[in-house]
Amino acid sequence: MVYIVGAGPGDPELLTVRGRRILQQADVVIYAGSLVNPAILNVCRPGAKLVDSAPLTLEQIITEIARAHEQGLCIVRLHTGDPCLYGAIGEQMKELDKRQIPYRVIPGVSSFSAAAAALKREYTVPGGSQTVIITRAAGRTPVPDSERLQALAAHRSGMAIFLSAGLAGKVQQQLLQNYPGDTPVALVYKASWPEEKVVQGRLDQLQQMAEENNIKSTALILVGEFLQKTGRSKLYHRDFTHGYRR
Ligand code: SAH
């Protein structure tokens, strides 16, 4: 069996119980070395074969998996955070389907959850924004025109921008077309890692914040009033009754 496992944001204690158990059993672990915290690999058993996928192509990764599968081995494909976000697992699953190699996906804690935890904030603010947009800036990987940052910024909701810390100047300029300059922003570098760093400021300072702190990768850009605002939910209000409280 092949398991596509979400490694979580970095701290090995943020692996799911299932992810950890499967990682302990694995014979072969193919991990995204550019992002997965190496400390997580300490969970693997001593004899396990560890393969960094960073220098490999899709074809090489699939060959590695197929070879191990033929030998009846337990294989983990380890992705950072939750594999459903920018994990490029679709193309791998397509190849596994073609070869009739069975697999399961084990979700993980995404970095956008770990970043909110680091900031002690909630993306959805009672009485305020009820929406968070997960996106990225267009770089070498294109983004559909209808999802340009300036277009998404028109919603003025919370935003978690992946894969874009190295483009902070461009992100700032595009968002400023629809968010006010004093909109709160945060850069969260390596959320949940020992070297985690949180920098907060205003949108019109974003580029400067990234440069001064030398943050270029493995960081999220968070934008929106949720960084400052806390509200009061109806759910726990004593005058609000619902199915579980009369
Ligand atoms: N599937 C992953 C995202 C992979 S894309 C997830 O759910 O988190 C890689 C991008 O994720 C990085 O460029 C960065 O923007 C973000 N990222 C991954 N781990 C992070 C961490 N620990 N702290 C902050 N950002 C992180």
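Just so it is clear, the model here is predicted, and its values are computed rather than measured. Counting convention: from 1, in listed order, for ligands and their atoms alike.
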Could you tell me, atom by atom, which parts of ligand 1 come under 4.0 Å of a heavy atom of [X]?
{"X": "Thr80", "result": "1 (N), 2 (C), 4 (C), 6 (C)"}
{"X": "Leu220", "result": "15 (O), 24 (C), 25 (N)"}
{"X": "Trp193", "result": "22 (N)"}
{"X": "Ala191", "result": "21 (C), 22 (N), 23 (N), 24 (C)"}

Considering [options] one by one, which has a heavy atom nearer to [atom] than any of the others?
{"atom": "atom 10 (C) of ligand 1", "options": "Val188, Leu222, Thr218, Leu163", "answer": "Leu163"}
{"atom": "atom 6 (C) of ligand 1", "options": "Ser110, Ser192, Pro83", "answer": "Ser110"}
{"atom": "atom 16 (C) of ligand 1", "options": "Ser111, Ala32, Pro107, Ala165", "answer": "Ser111"}

For atom 22 (N) of ligand 1, what is the closest protein heavy atom, and at what distance to 0.1 Å?
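Atom 22 (N) of ligand 1 sits closest to the protein heavy atom Pro9 O, 2.9 Å.
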
Check contact between His79 and ligand 1, using heavy atoms of the residue and a distance below 4.0 angstrom.
no

Heavy-atom contact check, 4.0 Å cutoff: does Ala219 meet ligand 1?
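Contact check Ala219 vs ligand 1: positive.
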
At under 4.0 Å between heavy atoms, is it the side chain or the backbone of Phe112 that contacts ligand 1, or both, or neither?
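None of Phe112 does.
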
Who pairs with Glu95 by salt bridge (charged side-chain N to carboxylate O under 4.0 Å, His left out), at least two apart in sequence or on another chain?
Lys98, Arg99

For Glu13, enumerate each residue passing the salt bridge (charged side-chain N to carboxylate O under 4.0 Å, His left out) test, keeping only those at least two apart in sequence or located in another chain.
none

Arg45, CZ atom: more than 12 neighbouring heavy atoms under 6.0 Å
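Buried by this count: over 12 neighbours within 6.0 Å.
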
Under 3.5 Å between some N or O of ligand 1 and some N or O of Asp82?
yes

Does one side chain, of Arg156 or Thr183, offer a donor that lies under 3.5 Å from an acceptor on the other?
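Looking only at side-chain atoms, Thr183 and Arg156 do not form any donor-acceptor pair under 3.5 Å.
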
Shortest non-hydrogen contact from Ala137 toward Ser164:
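Between these two residues, the closest heavy atoms are N-OG, 2.8 Å.
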
